[in-house]
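Here the structure is laid out as structure tokens; the discussion comes afterwards.
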Amino acid sequence: MTTDWKTTSARIASAIGKSLLWLGRHLLALLVAVGRFIVLRAIPAIRAWLRGTAFPALKRFYLWLPHRRMVVAGAMGVAAIAIAVLLLRTPDDVSSTTPDRSAAAGNPESPAGPVVLTFAPAEAPPGAPVILSGLPDEDAAALEITIGGQPTSAMRLGDGRLQTRVPLYLGPAGWPVPPAKAQIVEIRRHGRLVAASQEGLRITALQRAPGTTASVQRSLDAAVDAYQAIFEALPARDEQDMAHRRAMLAVLRELVSEGDHSLAAVLAGSSPLLNNTKPDVALLDALMASSGTAANMEAFASALGAGPAAAGGITMPAAGAGFPALLALPGGWKPGPRCRSGGKDMELACLMQIQGLLDDLATQYIRPTADAWANFTVIFGGPMVASNPATVVISALLSVTNLVIGKVAPSLLPATLTRFELEVPKPLIQRHQTTQSRIMVEARNQPQTITVNDIIDVVKATVGPAIKIDSASLTQLMGFFSRMVDVYMAVLRGVDSVKPNASNAVNAGVLALPPKHWGPIEVTSSDLVSLFSHDESILSSQEEKLEWLGKSQGQAKVRVMPRGPGTRSKVLQDHSLCWGCVWSGGAFGTDMPESSKRISVDIDFDASPRHGVAPLDVELQWRLLPREDGKPVACTLDFGDGSDVERIADCTDTTSFRHTYAHTSRLEDATGGAYVAKLRLDENKAEGKAEVFPDWTFEARPGSGKAPLDARFSWNVPWPEDRKAPRCEFDPGDGSERQSFDDCLATRKAEHRFERRGSFVPSLTIIDGGAKDTKTAPVSVADDFACNAEELLKHKAWTGGMSYTKNNEVWDDNLDRNVKFNLRINLKAELAEHTRRQWRGADYLVRYYSPLPQGSADVSFSVHQYDHRGLASYQTFVGNGQIRRQEPDMTEDGSMLNLVLDANQCTFSFFLQGQVYGTEERWSRGEGKKSTQSHYWIESARVEQPLTSSTSISGSVPVQVIPKFDDIPTEQTTWISAHPYIVEALGKGNLGKVTVDWHAEPVD
């Protein structure tokens, strides 16, 4: 008997766990008992003692005291004095007695010294961006940055660095004069220096750039044309949706190119906002050029518009670094979003992808422009406004225009999913069927509620707290914001006759865009979602059909998600929205929600035990998912043996039923000798099946002896009373004439005399119509063979082998582990003499041994582990028949076949153990699948029988299956082992028997 120490350790650990569980249950029971004692006994007893003994005693003591009123008053006075002393000794400021740990904790408020800053470029003109490195991540709004003592802005970039602007050093003529020396960059927080550069920034002269501000106006005008083409081409939910788009475009026109309050009118000098002064924008032109604002706006307009006049390519400036650097498009290309054809789901996906790109455009172009212009107008606005009031007007116009493009426009389209749900009305399907499911989505926009204070807050956050905003700038900013709201409201009021109260969404002084909702919409295109199954062997993903196919019985969790980035999920065609626009997100934007459901394939229905002699008491067990609405799931249980069916009101609440199978099923030819129990759901007629094999018996007594041997045979066939009794045929197995009985229920015995020695296999066949079933009862007959040791043990080698078949499929008690084991063994070998023993100088025992039996050894094994989420792991092994040899140094591993002849006991014993090579596959939810070449134990077998010949050993007998690693009783010499998982599921006493055949004969 070999020992698998790994499995032994596992069993020891399991036993310890069960012991701890038993101890925990008893401790909990003890705790409950103690609690009950305290609540029901102790507390009432204490209350009764206080009421009946303690309080009366205190009262008697009080009444006994002389001058009791004075004694009580004195005690209360002493207590009051003690409390007052304690309060006076407690310090008022607790923090004063608490040690300051800020320095030990590394508080940045008390660093060792200023951080050394680095910057790039080393020289730049006024207004140009400068990137600062070396300062730890902090809130940029709390920092005060100066260059050469002049305040400037602080803006945190995405990579953690700071961006600032070169300040203006205005000369007497109102034009910047660069300082002669390099300027040190310093950063303060609350007036304290935290960082400074070692080298100074060299400021170069500001170059004139006439017409730059006008080019910005033209760029904005082209961008507004492109936005109009985009929003007019998009499908609208209703007239109100379209009205908000027209209102946004009307505001942009009013700000950029139309009316006497537009940027175009200001630059032309015809706007009443100038108060009859001629605009001098020379300094603005130069600053817009040096800061990159003009180039950024030109790139924005080129990206949205039709591109350059000559088709072929456009190079994007640095501000558009998020888009391709060079694009070549065919001549005649016109902007306008183009989406792939499809249903409402494709339309929603396209709108969300457009919203994502518009938001990206605002981030890449509009935000840098707005930040840069806020720096100019606020930090340097004083001297600029003093020289020309057109500066603050243009600043306010650009700030409000940036607001509309950057915040209002994207908020008119769906931006995020509010619902992404997989609906499975019937979580139970049959094998080879697909789920009836659908995927529903809903989306909403990100509505903005904006006031003029929001714009001021953005400006303050951009330039920092140390910068004071000019009052003239604030006045103009508030005026343009109010005018924007008025224009927006005017457009909406124009559609009130079509859609009443449409303009109520906007209030004076506040731009409150309405919340919008899209859906519910069913997803019908597999390009928009990806399907996943946690166990493809049970439920296989069918993405093209948006369904899962049932492959095998069991439960599995399925999941659906929006399809991620890639060509398949791209609904908006590249470059159709704008030059360089390439959607890199998923089907429904950047959100990736998921929806999961648990689905059953067939009904998880099992019987335990499945085999046994009738009457057989069987527990039928099943697992069903409850309905999502909580309603009961009615079902019908048909036991398959002709007894009345059982109707169960809710099969998700009742999960098992016991039934006694009173009659044998071995003559049920149509079902392979089984009763087939069925659990059928009333709502969709889905069925689960489980086979039960109630057996009959056939025995021989005695099973061995010397010739002539009179053996008596008996049988018992449990049979329904309303059916005709089966007939049977008895074959003695020694060549004698068969006996027939017309009624196997009336005749239940037979006798036969075996005249000669040998191993015989008598059989009884019961017959019902065309159905037959046969059982055997081996008999071993010896003659006067007296185990002559010299004759029996003279051989140096024997040849022989063993064969048996063993199949199991079981679930454990918790139904979270399924084990399948199939074994077919037919091995033989030439057995050489290995050990010879003597007693009193004469041989009495010889062991013959082979380390590598040959033949067929087919082994397949699988164990599937489940938890509340479905399949958690599995392990499978398929043996290929190749046997692992036992080497001399292998004390336990390896294969062997032994034959032991004992002349003293007149017995022989066969023993077979083996390890088969094959392919092992392991999968777990966390680690995935691994496949390796390995070996696996077959179920060992041992047979010990009396010798009947010195030249031939053969026979067949049902042997008891025993736990593989338990101690074997000394009297049990014939057995076959079982896998521990099988033992745990069935119990040691329910392992049954397996028929083992053997044959051996001498070689010499």
Taking V633's backbone N and O only, do any of them form a donor-acceptor pair with D650's side chain (distance below 3.5 Å, no angle check)? yes
With sequence neighbours left out, write down each residue that passes salt bridge (charged side-chain N to carboxylate O under 4.0 Å, His left out) with D768, or none if nothing qualifies. R723
E536 and S541: side chain donor to acceptor below 3.5 Å: yes
Do W811 and F605 have ring centres separated by under 6.0 Å? no
Under a 4.0 Å N-O cut-off, is there an ion pair linking D867 with R925? yes
Check this for me: R559, atom CZ, are more than 12 non-hydrogen atoms of other residues, nucleotides or ligands nearer than 6.0 Å? yes
Electrostatic pair E984:R817 at N-O distance under 4.0 angstrom: yes
Between Y936 and F877, does the ring centroid distance fall short of 6.0 Å? yes
Between E939 and Y804, is any side-chain donor less than 3.5 angstrom from a side-chain acceptor? no
With a distance cut-off below 6.0 Å to the six-membered ring centre and an angular limit of 45° from the axis, does R666 pair with W696 as a cation-pi contact? no
Closest heavy-atom pair and its distance - V983, A978: CG2-CB, 3.9 Å
Between S608 and Q621, is any side-chain donor less than 3.5 angstrom from a side-chain acceptor? no
Is the CZ atom of R647 crowded by more than 12 outside heavy atoms at less than 6.0 Å? no
With a cut-off of 6.0 Å (strictly less than), are more than 12 heavy atoms of other residues, nucleotides or ligands near NZ of K570? yes
I'd like to know if R658 and D617 make a salt bridge, using a cut-off of under 4.0 Å between side-chain N and carboxylate O. yes
Which label fits F532 and H534: parallel for a plane angle under 30°, tilted from 30 to 60°, or perpendicular past 60°? perpendicular
More than 12 heavy atoms of other residues, nucleotides or ligands under 6.0 Å from CD of E809: is that the case? yes
D527 meets the salt bridge (charged side-chain N to carboxylate O under 4.0 Å, His left out) criterion, sequence neighbours left out, with R340, R568
Do the side chain of S19 and the main chain of A15 share a donor and acceptor less than 3.5 angstrom apart? yes
Worked verdict on E547 versus R438 for salt bridge (charged side-chain N to carboxylate O under 4.0 Å, His left out): CA-CA 8 Å; E547 294 175 333; R438 64 176 187 169; over 6 Å; no
Before giving the answer on ring pair (Phe, Tyr, Trp, His ring centres under 6.0 Å), spell out for H663 and Y675 the whole-Å C-alpha distance, their side-chain angles and the decisive distance to 0.1 Å. CA-CA 10 Å; H663 312 120; Y675 288 132; 7.9 Å; no
Strictly below 4.0 Å, N to O, side chains only: are E442 and R444 in salt-bridge contact? no
Are side-chain N/O atoms of K806 and N808 paired as donor and acceptor at under 3.5 Å? yes
Close aromatic pair by centroid cut-off 6.0 Å: Y661 and H659: yes
